[in-house]
*Asks:* 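Before I ask anything, here is the structure I am working with.
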Amino acid sequence: MEYTFENEEYRQTYWHTCSHIMAQAVKRLWPEVKLAIGPSIKEGWYYDMLSPFAFTPEHMEKIEAEMKKICKENLPLERFELPREEAVAFMQEKEEPFKVELINDLPEDAAISFYKQGEFTDLCAGPHVDRTGRIKHNAFKLLACNAAYWRGDAKRETLQRIYGIAFPKKEELEAYLAKLEEAKMRDHRKIGKELQLFMTDELVGRGMPMFLPKGYTLWRILENYIRDKELKSGYQHVLTPCVGTVELYKTSGHWDHYKENMFPAMEVDEETYVLRPMNCPHHMRIYANQPHSYRNLPVRIGEIAHDFRYEASGALKGIERGRHFCQNDAHLFVTPDQIKDEVAKVVDMIFTTYQDFGITDYRLVLSLRDPADKEKYHDDDEMWNKAEGALREVLDQLGLDYTEEIGEAAFYGPKLDVNVKPAVGAEYTLSTCQLDFCLPAKFDLTYVDRDGVERTPVVLHRAILGSLDRFMAYLIEETMGNFPAWLSPVQVKILPITDRAHEYSLKVEEELEALGIRVETDLRNEKLGYKIREAQMEKVPYKLVIGDKEAEEGTVAVRTREADKGAMPLADFIAKLKEEIDTKSRTSLF
């Protein structure tokens with residue numbers, strides 16, 4: 001193997017070896033701890049352990065110190081195999097019950113291998129580096145310790161999962177840790193709390209965020225933005241229930257392919273209902289409500305819809321991933337020869353939306369099914385070949401650059417995903433456009449073609465903002481809460497210096513409000529410096545300081561987030577601010 005960190009195989013092997021070194025350090029310090037599993041992951045490694053005490057930062061420091069000793073000891077890693085009975089007896093002698101369970105679950109013909117380093121031996125398939133000395137002793141860090149269920153089963157033992165990261169050079173570790181610190185500073189959960197945008201409450205429920213007045217103001221801006229954009233493009237908006245019968249989801253196929261991600265069913269009046277995880281079945285029924293001709297296709301049905309998915313508690317992350325969220329959802333019912341034009345219009349809407357929000361770092365992915373996975377995907381090879389070929393052809397005709405990824409399609413059809421790369425962290429999907437030949441047939445949807453024959457429409461499932469929740473989380477982290485003026489929940493904060501300036505300040509507030517500008521006036525009996533600092537902490541884009549002189553001359557002293565711009569006529573301030581808002585400028589025009 002090539003010993004270079006640019007080599008993915010070596011990088012994973014390096015991190016896997018670190019997990020063994022960490023486990024060895026823990027067993028040296030606390031022999032009573034029981035080991036579960038310790039794989040390498042996308043960035044670093046973790047090890048799950050059953051401990052009679054909770055690991056604290058102080059414990060982590062001791063583990064790191066012991067790991068450094070093990071690296072300096074330069075112990076060779078030696079692989080050996082044992083027959084099943086001997087392997088079980090070996091792990092029983094070491095009092096490692098999780099390892100015994102893992103061995104017993106291996107296939108009969110499996111090679112049962114171990115790796116030994118010094119006094120420590122662990123059940124493992126490998127691979128590993130040849131010596132512990134290959135791990136740079138001053139370039140690793142234990143990052144966190146979280147709870148984890150053994151084998152992901154909430155009915156089994158609760159373990160402690162210690163995460164770590166390592167690099168060949170100390171400078172690389174320092175750069176990575178600095179990136180983590182930036183991620184903490186940008187974390188939408190932290191900023192959302194500081195700016196009073198949203199909150200969570202254990203009594204309400206995990207993964208059920210609640211938007212506070214300022215957060216809901218931002219929400220409405222996003223909702224109005226995308227709704228207006230869709231109305232101009234011929235969309236018809238609907239409102240559908242947050243529940244549906246189980247029969248609805250059995251018809252769509254979600255009950256068979258998506259049940260584990262849905263909340264448990266409810267029995268009501270001898271019918272079985274479920275909270276909806278998505279909106280397409282409801283929209284299918286709306287289309288089926290009346291007959292259609294090719295002359296009135298495409299039919300574009302849009303909704304800002306409340307959805308519920310049973311996300312694992314460990315996957316929950318503020319408003320980026322919750323159990324309740326609102327999708328900017330739409331379903332386009334089209335004829336086969338309309339697919340290209342409608343996909344092109346969806347892509348154009350995505351691109352113009354990203355331009356308005358300043359999103360530039362993204363890539364297009366054609367997400368395809370895994371033909372071998374008959375459980376996840378609707379089993380119809382002809383339909384899949386037709387749908388994937390059609391979407392690929394459209395993307396090629398549009399001249400779009402994209403990559404293909406197997407196993408990322410929806411269960412009913414391929415899709416175009418737009419993955420954004422945020423300022424920190426891994427990329428994720430914001431927008432999507434899915435091509436569906438499956439559900440229209442399941443719901444017996446039809447239109448009368450020009451030859452008078454009933455045919456089945458094709459459906460495009462598309463979401464431009466994705467979910468408003470995730471889109472807002474993205475904006476918070478990208479801007480660190482310093483929203484451009486057109487998005488800011490409060491665009492102007494008026495700060496009178498003395499009581500004598502209150503009357504003029506309120507007149508300014510009234511004039512701004514009449515123009516639709518979101519404004520607050522701070523009439524508290526506090527020092528001006530305190531008011532300015534607090535407005536800065538609230539990340540309001542414009543502060544208007546008003547004293548006797550400004551009141552007398554009809555001016556305002558303007559402060560941006562960056563600088564004091566001095567006094568100017570109120571009319572001039574309003575004109576420039578309105579231009580900034582109307583053009584959706586991402587930078588101040590002052």
Side-chain angles (χ1 to χ4, degrees), residues 8 41-43 179-180 182-183 186-188 222 225-226 229 258 261 277-278 280 307 309 311 315-322 325-330 342-370 373 376-377 387-388 390-436 460-480 586:
E8 174 67 18
I41 53 179
K42 187 175 181 180
E43 288 188 348
K179 189 176 179 181
L180 288 185
E182 183 184 357
R186 290 182 178 271
D187 193 320
H188 77 275
L222 297 177
Y225 169 88
I226 197 63
K229 200 173 187 68
Y258 208 78
N261 297 105
M278 66 282 296
C280 34
D307 294 325
R309 295 180 185 174
E311 299 280 2
L316 299 175
K317 186 181 179 185
I319 59 174
E320 182 181 309
R321 184 177 291 276
F325 57 98
C326 280
Q327 288 195 77
N328 162 222
D329 207 10
E342 289 303 306
V343 170
K345 290 175 183 177
V346 169
V347 170
D348 182 66
M349 187 178 288
I350 292 172
F351 289 168
T352 57
T353 297
Y354 284 15
Q355 185 176 5
D356 283 341
F357 287 94
I359 302 173
T360 57
D361 196 353
Y362 58 87
R363 68 185 182 97
L364 307 184
V365 178
L366 175 57
S367 296
L368 308 172
R369 69 161 175 165
D370 179 355
D373 191 341
K376 179 178 178 181
Y377 298 107
E388 291 179 347
L391 188 52
R392 184 184 290 110
E393 182 181 355
V394 169
L395 298 180
D396 289 340
Q397 289 177 353
L398 294 174
L400 298 175
D401 292 326
Y402 63 91
T403 58
E404 296 189 4
E405 294 186 5
I406 303 295
E408 295 300 320
F411 79 82
Y412 48 75
K415 56 180 179 168
L416 171 66
D417 287 329
V418 185
N419 292 354
V420 297
K421 182 66 176 71
V424 292
E427 71 172 27
Y428 54 85
T429 300
L430 271 189
S431 308
T432 185
C433 180
Q434 304 167 9
L435 184 60
D436 180 9
L460 298 180
H461 306 241
R462 52 102 290 194
I464 306 300
L465 300 185
S467 80
L468 267 65
D469 314 63
R470 174 173 286 191
F471 196 83
M472 189 186 298
Y474 173 82
L475 291 178
I476 292 170
E477 295 191 352
E478 289 299 290
T479 65
M480 297 184 71
R586 296 188 297 277

*Asks:* Sort and list the pairs that fulfil side-chain hydrogen bond (donor to acceptor under 3.5 Å, both in side chains) and have at least one residue in residues 359-368, not counting sequence neighbours.
*Replies:*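 Residue pairs with at least one partner in residues 359-368: R363-T403, R363-E405, R363-E427, S367-D417.
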*Asks:* List the steps, then state whether side chain to side chain contact (heavy atoms under 4.5 Å, CB included) holds for E404 with R392.
*Replies:* CA-CA 9 Å; E404 296 189 4; R392 184 184 290 110; 2.7 Å; yes
*Asks:* Identify, with sequence neighbours excluded, every residue that meets salt bridge (charged side-chain N to carboxylate O under 4.0 Å, His left out) alongside K229.
*Replies:*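 Once residues adjacent in sequence are excluded, K229 has no partner under the salt bridge (charged side-chain N to carboxylate O under 4.0 Å, His left out) criterion.
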*Asks:* Under the salt bridge (charged side-chain N to carboxylate O under 4.0 Å, His left out) rule, collect the residues that match up with K179, sequence neighbours excluded.
*Replies:*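 For K179 there are no salt bridge (charged side-chain N to carboxylate O under 4.0 Å, His left out) partners, ignoring immediate neighbours.
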*Asks:* Kindly compute the distance separating CG (L465) from CD1 (I226), expressed to the nearest 0.5 Å.
*Replies:*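 Here the rounded value is 4.5 Å.
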*Asks:* How close do L368 and P414 get, counting heavy atoms only, and between which atoms?
*Replies:*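 Residues L368 and P414, closest heavy atoms: CD2-CB, 4.4 Å.
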*Asks:* Can you name the residues that form a side chain to side chain contact (heavy atoms under 4.5 Å, CB included) with L400, not counting sequence neighbours?
*Replies:*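 V347, F351, L364, L395, L398.
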*Asks:* Please determine whether the number of non-hydrogen atoms from other residues, nucleotides or ligands lying under 6.0 Å from atom CD of Q397 exceeds 12.
*Replies:*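 Enclosed: over 12 neighbouring heavy atoms sit under 6.0 Å from CD of Q397.
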*Asks:* Apply the test side chain to side chain contact (heavy atoms under 4.5 Å, CB included) to residues L222 and L475: give CA-CA distance (whole Å), side-chain angles for both, the deciding distance (0.1 Å), then the verdict.
*Replies:* CA-CA 11 Å; L222 297 177; L475 291 178; 3.9 Å; yes
*Asks:* So V424 and D187, side chain to side chain contact (heavy atoms under 4.5 Å, CB included) or not? Walk me through it.
*Replies:* CA-CA 9 Å; V424 292; D187 193 320; over 6 Å; no
*Asks:* What pairs with E393 under salt bridge (charged side-chain N to carboxylate O under 4.0 Å, His left out), at least two apart in sequence or on another chain?
*Replies:*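 With neighbours one apart ignored, the set is empty.
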*Asks:* Who passes side chain to side chain donor-acceptor pair (under 3.5 Å) against Q434, sequence neighbours left out?
*Replies:*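 For Q434, the residues satisfying side chain to side chain donor-acceptor pair (under 3.5 Å) (neighbours in sequence not counted) are Y412.
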*Asks:* When R462 is tested against each of V343, L435, N328 for side chain to side chain contact (heavy atoms under 4.5 Å, CB included), which residue passes?
*Replies:*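 With R462 as partner, V343, L435, N328 yield a single side chain to side chain contact (heavy atoms under 4.5 Å, CB included), made by N328.
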*Asks:* With sequence neighbours left out, write down each residue that passes side chain to side chain contact (heavy atoms under 4.5 Å, CB included) with A463, or none if nothing qualifies.
*Replies:*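 With sequence neighbours excluded, A463 shows a side chain to side chain contact (heavy atoms under 4.5 Å, CB included) to T432, given in chain and number order.
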*Asks:* Who passes salt bridge (charged side-chain N to carboxylate O under 4.0 Å, His left out) against E388, sequence neighbours left out?
*Replies:*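 In terms of salt bridge (charged side-chain N to carboxylate O under 4.0 Å, His left out), with neighbours along the sequence ignored, E388 is linked to no residue.
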*Asks:* Kindly compute the distance separating CG (L468) from CG (D329), expressed to the nearest 0.5 Å.
*Replies:*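 Rounded to the nearest 0.5 Å, the CG-CG separation comes out at 11.5 Å.
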*Asks:* List the steps, then state whether side chain to side chain contact (heavy atoms under 4.5 Å, CB included) holds for M278 with H461.
*Replies:* CA-CA 11 Å; M278 66 282 296; H461 306 241; over 6 Å; no
*Asks:* Could you tell me if the ring centre of Y225 sits under 6.0 Å from that of F471?
*Replies:*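 Aromatic pair excluded; centres sit 6.0 Å or further apart.
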*Asks:* Within this structure, what is the SG-CG distance for the pair C433 and L391, rounded to the nearest 0.5 Å?
*Replies:*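 Going from SG on C433 over to CG on L391, the span is 7.0 Å.
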*Asks:* Applying side chain to side chain donor-acceptor pair (under 3.5 Å), name anything that partners S431, two or more places apart in sequence or on another chain.
*Replies:*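 Testing S431 for side chain to side chain donor-acceptor pair (under 3.5 Å), a comparison that skips the adjacent residues, returns Y354.
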*Asks:* Write down the atom of D370, the atom of I406, and the distance for their closest heavy-atom approach.
*Replies:*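 So the minimum-distance heavy-atom pair works out to CA-CG2, 3.8 Å.
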*Asks:* Taking side chain to side chain donor-acceptor pair (under 3.5 Å) as the test, write out the residues that go with D348, two or more places apart.
*Replies:*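 Counting only residues at least two positions away or on another chain, D348 forms no side chain to side chain donor-acceptor pair (under 3.5 Å).
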*Asks:* Quick one: closest heavy-atom pair of P277 and F325, and the distance?
*Replies:*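 Distance-wise, the nearest heavy atoms are O-CZ, 4.2 Å.
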*Asks:* Would you say the side chain of Y258 lies within less than 4.5 Å of the side chain of R309, judging by non-hydrogen atoms?
*Replies:*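 The answer is yes; the side chains approach within 4.5 Å.
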*Asks:* Quick one: side chain to side chain donor-acceptor pair (under 3.5 Å) partners of D307, sequence neighbours excluded?
*Replies:*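 Side chain to side chain donor-acceptor pair (under 3.5 Å) list for D307, sorted by chain: R276, N279, Q327.
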*Asks:* How close do G322 and E311 get, counting heavy atoms only, and between which atoms?
*Replies:*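 Residues G322 and E311, closest heavy atoms: O-CG, 3.6 Å.
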*Asks:* Provide the full list of side-chain hydrogen bond (donor to acceptor under 3.5 Å, both in side chains) pairs with a residue in residues 468-479, sequence neighbours left out, each pair given once.
*Replies:*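 Applying side-chain hydrogen bond (donor to acceptor under 3.5 Å, both in side chains) to every pair that reaches into residues 468-479, excluding sequence neighbours, yields H188-E477.
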